[in-house]
Asks: 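Let me give you the structure first, and then I'll get to my questions.
Worth knowing before you read on, the calculation uses all heavy atoms, side chains too, and leaves out hydrogens, waters and symmetry mates.
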Amino acid sequence: MAAAARMASATATKGGCAPRREVRRNARRHPGTHARAAASTSTERDQQEQKSQRDAEQATAMLLDYLRTAKVQAAKYVSVGTDAAQGRGLYAAEDIEEGAVLAVVPFDACLHAPVKGDEQKDGVLANSFWGMRLAAAIVREHLRGEESPYCGYLACLPALPPLPVAPSSPFVDVDVDDDGEELRTPREVDGSGAVPHPMSFSWEDVKEIQYNEGRLNVDEWGYLSAQSFLRATEDDEALRSTFGDGADGPTPFVPRALWDWAVSCVHSRTFGAELLGEGEPMDHYMVPLLDLLNHRGDESTCETDADLVEAATTLASTSPSSWTADALISAVAQHDVATLPRGPPYVAADNVEWIADSGGARFVCVTKREIAAGEQLCVSYGERSNDDFFLYYAFVPPRNPHDDVVLFDHVDACLEWCANVYFKETSVELRDGEQPSPDALADIEARAAAARRAFDAAAIAARGGRDADSGGLEAARVDREPRLKVLAGIRFDARMLSAIACFFSPPDDDGDGKGGGQLADGAVEAAQMRARARCEEVLLSYPTSLADDLERLLRSELAVCLSMDADGSWDATVGVSAAAGVLETIRLLGVSPTPPELDDVRARIVRALAETQADADSNALTGSERLTLEYRVEKKLVLAQSQ
């Protein structure tokens with residue numbers, strides 16, 4: 001392979017292929033490096049780095065062997081590297097022009113889940129969800145060991161993708177001794193050589209998500225994975241047909257940890273290709289080399305990252321133990337980073353893209369623009385809500401302009417809310433169990449009917465004027481999304497706004513006095529105000545406030561900084577990313593010239609400093625706690641911006 005020499009000499013600091021990670025240089029997103037550094041002496045850190053380097057070189061060599069064997073082509077200017085904040089990824093070894101081909105991966109080099117299952121190959125999971133079939137294929141190849149043609153690729157997959165439904169224990173290599181007892185050998189996947197604690201979610205962890213859609217997603221995926229495993233391991237026949245060599249072969253031993261590892265790998269590293277045409281079901285592939293590409297998607301243009309880095313650099317020149325609330329507030333205010341980003345306009349930050357070439361039976365990766373030497377090669381995983389990033393990739397893109405929050409589960413819930421608001425606005429107060437008058441009920445029914453017609457008309461408009469049966473892909477997407485949402489940047493679902501505006505419109509011209517007539521001037525603006533009120537309702541319904549969550553996050557950021565300071569590992573260079581995390585969190589707390597808001601922020605910072613300086617360890621966050629906190633903070637920010 002053309003890039004072999006460059007890839008083999010990569011300066012990676014983690015063994016194996018790291019799970020996809022957010023690419024921002026931000027300690028708030030990636031505290032683990034600093035936390036580990038604070039927990040060990042400089043000698044131990046040197047030993048960890050040396051072992052990490054050896055592990056990385058061994059993993060890279062295994063990957064290279066597989067890529068050569070599988071006839072994967074990579075350009076000479078592509079290298080594998082690792083950034084402490086970003087994990088493992090692909091980098092430009094030299095300046096690259098726009099449109100350059102970076103890599104070509106044959107379909108045959110990939111593990112594959114076709115649209116339809118094959119009973120002979122997939123066993124009892126032949127009719128299951130594609131992710132479960134692909135997970136079974138990974139397990140099947142893993143059990144074959146060195147006899148598997150994918151052995152080199154599987155050995156480089158992360159031993160524990162940190163997902164919300166990851167296994168309750170690290171993935172282990174499992175064998176059985178002569179007495180039938182399990183022999184379990186944990187894989188070392190952390191730079192320190194220690195087996196990391198998994199990011200498995202207990203029932204308490206799931207409750208801490210707070211956002212109902214996120215909780216349902218975790219529950220649904222966990223249930224699907226568990227049920228598929230039970231089906232595939234129900235008896236010897238199921239095991240042999242799904243994971244073995246057929247009915248006559250030996251019964252394979254498949255521990256739950258191995259299955260959970262495979263499922264996590266599938267959902268954090270899979271590429272979907274519409275080989276049958278747009279809108280048709282997709283085939284799904286595990287694509288070696290290209291699955292090292294980290295994510296960068298659409299990013300808000302109003303973020304002030306440069307100012308944040310400048311402020312953090314100044315702050316990092318002083319010891320964290322000497323920081324005061326006024327110093328932190330001043331660092332934010334003086335560098336113009338106090339403005340809360342409000343969504344669009346945004347720009348596409350990815351610099352490469354991949355294409356599924358069905359005619360050539362290959363994946364092709366090309367550059368979207370000129371790329372400077374040393375720049376990381378990043379692809380968009382899709383412009384989507386943080387729900388997917390949280391569930392499948394275990395990171396949360398900050399200020400994602402495509403994030404959203406569900407305001408109503410369906411149009412009926414929206415109309416019921418409108419009726420309650422209408423009763424309050426018209427001073428119709430009902431005691432418990434009391435029914436509205438017949439005239440009031442008739443008025444509400446007329447308004448609801450008109451609002452539903454407006455909803456349907458807006459849905460047709462969203463399909464491009466086509467009906468549901470002939471609307472194609474966009475029509476299908478509109479029709480299968482009954483939930484009504486607000487998107488980042490104060491963008492409300494048009495169907496919802498149309499329904500609300502029509503519900504509160506004046507009576508029809510026929511004189512019956514019932515609502516649901518023609519929209520008056522300002523009706524849409526009034527609907528937006530009511531939708532904003534709904535955002536406030538939802539925001540206030542959470543067990544903790546946005547400010548409470550940000551204060552908790554701030555204590556965690558300060559704990560990282562103080563731990564580094566106490567250990568002696570803090571310096572002006574190393575501490576910049578950690579200091580940036582502190583300042584970004586303070587920015588999100590809403591620093592502004594308004595005295596009441598500033599006083600509240602100062603009080604929270606004073607409290608966070610005092611508590612963290614007293615006991616940094618108790619204010620640190622586990623991996624699952626941080627991921628959950630960041631996820632719900634981003635949801636609450638969408639609502640806060642939309643009030």
Asks: Using the ring of each side chain (for Trp, its six-membered ring), is His295 parallel, tilted or perpendicular to Phe389, with breaks at 30° and 60°?
Replies: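 It falls in the tilted class, 30° to 60°.
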Asks: As a test of understanding, state which of Tyr392, Tyr631, Tyr211 forms a side chain to side chain donor-acceptor pair (under 3.5 Å) with Asp387.
Replies: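 Among the candidates, only Tyr631 passes.
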Asks: If only atom types and distance count, is the side chain of Asp95 paired as donor or acceptor with the main-chain N or O of Ala373 below 3.5 Å?
Replies: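 Yes.
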Asks: Roughly how far apart are Glu584 CD and Leu554 CG, rounded to 0.5 Å?
Replies: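 Glu584 CD to Leu554 CG: 11.5 Å, rounded to 0.5 Å.
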Asks: Output the distance between atom CD (Glu557) and atom CG (Asn619), rounded to the nearest 0.5 Å.
Replies: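 Here the interatomic distance stands at 12.0 Å.
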Asks: Of all residues at least two apart in sequence or in a different chain, which pass the side chain to side chain donor-acceptor pair (under 3.5 Å) check with Ser545?
Replies: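 If we apply the side chain to side chain donor-acceptor pair (under 3.5 Å) test to Ser545, skipping adjacent residues, the hits are Asp548.
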Asks: Could you list the residues that satisfy side chain to side chain contact (heavy atoms under 4.5 Å, CB included) with Asp409, not counting sequence neighbours?
Replies: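 Partners of Asp409 by the side chain to side chain contact (heavy atoms under 4.5 Å, CB included) criterion, ordered by chain and then number, come out as Glu213, Val406.
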Asks: Run the salt-bridge test on Glu481 and Arg495 with the 4.0 Å N-O cut-off and return the result as yes or no.
Replies: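 No salt bridge links Glu481 with Arg495.
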Asks: Can you tell me if Glu370 has over 12 outside heavy atoms packed within less than 6.0 Å of its CD?
Replies: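 Open.
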Asks: Is the backbone N or O of Ala327 less than 3.5 Å from a side-chain atom of Ser330, with the two atoms forming a donor-acceptor pair by type?
Replies: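 Not at all, since once roles are kept as given, no pair shorter than 3.5 Å links the two residues.
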Asks: Using only heavy-atom distances, determine whether the side chains of Gln210 and Lys635 contain a donor-acceptor pair under 3.5 Å.
Replies: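 Lys635 and Gln210 do not have a side-chain donor-acceptor pair below 3.5 Å.
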Asks: Mind checking what makes ring-ring contact (aromatic ring centres under 6.0 Å, His included) contact with Phe408, not counting sequence neighbours?
Replies: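 For Phe408, the residues satisfying ring-ring contact (aromatic ring centres under 6.0 Å, His included) (neighbours in sequence not counted) are Trp417.
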Asks: Would you call Tyr542 and Asp549 a side-chain contact if the rule is heavy atoms closer than 4.5 Å?
Replies: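 Side chain of Tyr542 against side chain of Asp549, heavy atoms only: no contact under 4.5 Å found.
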Asks: Tell me whether Glu383 at atom CD has more than 12 heavy atoms from other residues, nucleotides or ligands lying less than 6.0 Å away.
Replies: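 More than 12 within 6.0 Å, yes.
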Asks: Return yes if some donor-acceptor pair links the side-chain N/O of Thr318 with the main-chain N/O of Trp323 below 3.5 Å, else return no.
Replies: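 Not a single qualifying donor-acceptor pair exists.
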Asks: Between Thr612 and Ala559, is there a donor-acceptor pair closer than 3.5 Å when you use the side chain of the first and the backbone of the second?
Replies: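 No.
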Asks: Does a salt bridge link Arg555 with Glu551, judged by any charged N lying under 4.0 Å from a carboxylate O?
Replies: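 Answer for the salt bridge query: yes.
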Asks: Look only at the side chain of Arg530 and the backbone of Ile500, and say whether a donor-acceptor pair between them is shorter than 3.5 Å.
Replies: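 Checked: no pair found.
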Asks: Are the side chains of Leu293 and Trp354 in touch, meaning some heavy atoms are under 4.5 Å apart?
Replies: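 No, too far: nothing below the 4.5 Å cut-off.
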Asks: Any Lys/Arg nitrogen of Arg602 or Asp326 sitting under 4.0 Å from an Asp/Glu carboxylate oxygen of the other?
Replies: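 So Arg602 pairs with Asp326 through a salt bridge.
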Asks: Is the closest side-chain donor-acceptor distance between Asn294 and Gln376 under 3.5 Å?
Replies: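 Judged by distance alone, the side chains do pair up.
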Asks: What distance do Leu102 atom CG and Tyr77 atom OH have between them, rounded to the nearest 0.5 Å?
Replies: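 One finds 6.0 Å between CG of Leu102 and OH of Tyr77.
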Asks: About how many Å separate CZ of Arg604 and CZ of Arg552, when rounded to the nearest 0.5 Å?
Replies: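 One gets 13.5 Å once the value is rounded to the nearest 0.5 Å.
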Asks: If we ignore hydrogens and angles and just use 3.5 Å, is the side chain of Thr367 paired with the main-chain N or O of Val352 as donor and acceptor?
Replies: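 No; zero donor-acceptor contacts below 3.5 Å.
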Asks: Determine yes or no for a side-chain-to-main-chain donor-acceptor pair under 3.5 angstrom, with Asp565 supplying the side chain and Ser321 the backbone.
Replies: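 Here the side-chain-to-backbone pair exists.
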